[in-house]
Amino acid sequence: MIRELAGGVASGLAATLLPACGAWATGASEPIAPRSPDAPLAPDPWTLEPGSPLLSPPYGLPGPFEQDVIRRAARPPAMPGSGSSQTPLADLHGSITPNGLVYERHHAGVPRIDPDQHRLVVHGLVREPRIFTIDDLLRFPSESHVYFLECSGNTASEWKGPSGLPVQFTHGLLSCCEWTGVRLSTLLDETGLDASAKWVLAEGADGAAMTRSLPLDRIAERALVVYAQNGERLRPENGYPLRLIVPGFEGNTNVKWLRRLKLMDAPEMTREETSKYTSLLPNGCARQFVFEMDAKSVITRPSPGHRLTTRGYYAVSGLAWSGRGRIRAVEVSADGGATWLAARLVGPVHDRALTRFEADWRWDGGPATLQSRTIDETGYVQPTREALVAARGLNSYYHYNGIQRWRIDANGEVRNA
Ligand SMILES: Nc1nc2c(c(=O)[nH]1)N[C@H]1C(S)=C(S)[C@@H](COP(=O)(O)O)O[C@H]1N2
Ligand SMILES: [Mo]
């Protein structure tokens, strides 16, 4: 479905007076005739009768005109329950992903776990192994932090060149929530640590028993064992009743339905860190334990599926993030990278979180190429696809973070070409 974007805001005053300015119209509805600011406002039909009652429904849902803003799967799953669905980034605002739109990636479907029966075991190279219930964990001091979550397979579609896909399918294995739980280090204070403990194995309670080894010194400061996202308990598909959040690390390490943490002196070499989640380099060696997601950005509006209907001003909007810290800056180019201008970061700018940016742009009605690049607080600059391919070759699947270009045609259509 094409969504039309009307520009042409002449001034701040006009922006407040003209209802069509900067507004999105769906392809299906008629354009709104401009109203004179001096004419009396006729009563709209919905002002003439009471609306629907309270508690309809008791758990609120998006309104009837927002039914298109949903997760979608780019591909049918290889097996029932496995696969992934993507977040509709083009239709979101700010930097938080609503719980019902957080992308999903399951290796063996979503288990139905009774929280009263769920246990978290912490064992291995600890002084005193412990078993925690969810109620035990709720008694510990809690922490809440906003962090992005990105599958390391996100944007793999673009390694070999523009895929033609819209942003939901190129970048939608990406979400950002406020996560609430207990610091991993708090639980390790409870068990005590053997001096030889250097790695921690995290295991999920799903049919895949997904397991990853994580280097303790690199995660101890920030890793969280969480039971809530965006103010409510985790959704089943995102790990209910307990998951690991390892800020900035590839999505796979954020083990859902967490049931076991084993302290070890060396990595376990599980399937997900040997056969999968490694990257083959041009020299035939594979990169292993590539944990941090490199800095990346993408323009979400306008993006493929949108159509520009008017020449003039547009606020080009997008998201930037880095697995190594805060976003320092974002630049936007409308001429294929010949010139760049600084975008505004629309705060708050959190550590290892999605950061909204906006850039002022005037569309002259001709063809254009929009792209963004970000710089994180370590000084790392998001590379072009060409630079990334020169460094990593074309055998990699994971950790693609190249600059994303969107072509604007003279008819206003936006394409990934
Ligand atoms: N137990 C378990 N944990 C898991 C997975 C899984 O299949 N099982 N998928 C992983 C992958 S590959 C990703 S990208 C993230 C996805 O988290 P989400 O579904 O909450 O977005 O969870 C990770 N944790
Ligand atoms: Mo993933």
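As the structure lists them, so they are numbered: ligands from 1, and atoms in each ligand from 1. Heavy-atom basis, side chains included; hydrogens, waters and symmetry copies ignored.
The aromatic ring centroids of Y400 and W159 lie less than 6.0 Å from each other.
Judged purely by distance below 3.5 Å, without hydrogens or angles, the side chains of S213 and E273 pair a donor atom with an acceptor atom.
Taken to the nearest 0.5 Å, the CG atom of L89 stands 7.5 Å off from the CD atom of Q168. Rounding to the nearest 0.5 Å gives a distance of 11.0 Å between NE2 of H123 and OG1 of T191.
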Checklist entry - Passes side chain to side chain contact (heavy atoms under 4.5 Å, CB included), M293 versus H399? Steps please. => result CA-CA 7 Å; M293 298 307 293; H399 291 272; 3.4 Å; yes
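Side chains of T170 and W406 form a contact here, defined as non-hydrogen atoms less than 4.5 Å apart.
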For ligand 1, output the ligand-protein N/O contacts shorter than 3.5 angstrom; if there are none, return none.
unit_1   : atom_1 : unit_2 : atom_2 : d
ligand 1 : 1 (N)  : D206   : OD1    : 3.1
ligand 1 : 1 (N)  : D206   : OD2    : 3.3
ligand 1 : 1 (N)  : K256   : O      : 3.0
ligand 1 : 3 (N)  : K256   : N      : 2.9
ligand 1 : 7 (O)  : H107   : N      : 2.7
ligand 1 : 7 (O)  : H107   : ND1    : 2.7
ligand 1 : 8 (N)  : D206   : OD2    : 2.6
ligand 1 : 9 (N)  : R105   : O      : 3.2
ligand 1 : 17 (O) : R243   : NH2    : 3.1
ligand 1 : 19 (O) : R105   : N      : 3.0
ligand 1 : 19 (O) : K256   : NZ     : 2.6
ligand 1 : 20 (O) : N238   : ND2    : 2.8
ligand 1 : 20 (O) : R243   : NH1    : 2.7
ligand 1 : 21 (O) : Y103   : O      : 2.6
ligand 1 : 22 (O) : R243   : NH2    : 3.4
ligand 1 : 24 (N) : N254   : O      : 3.1

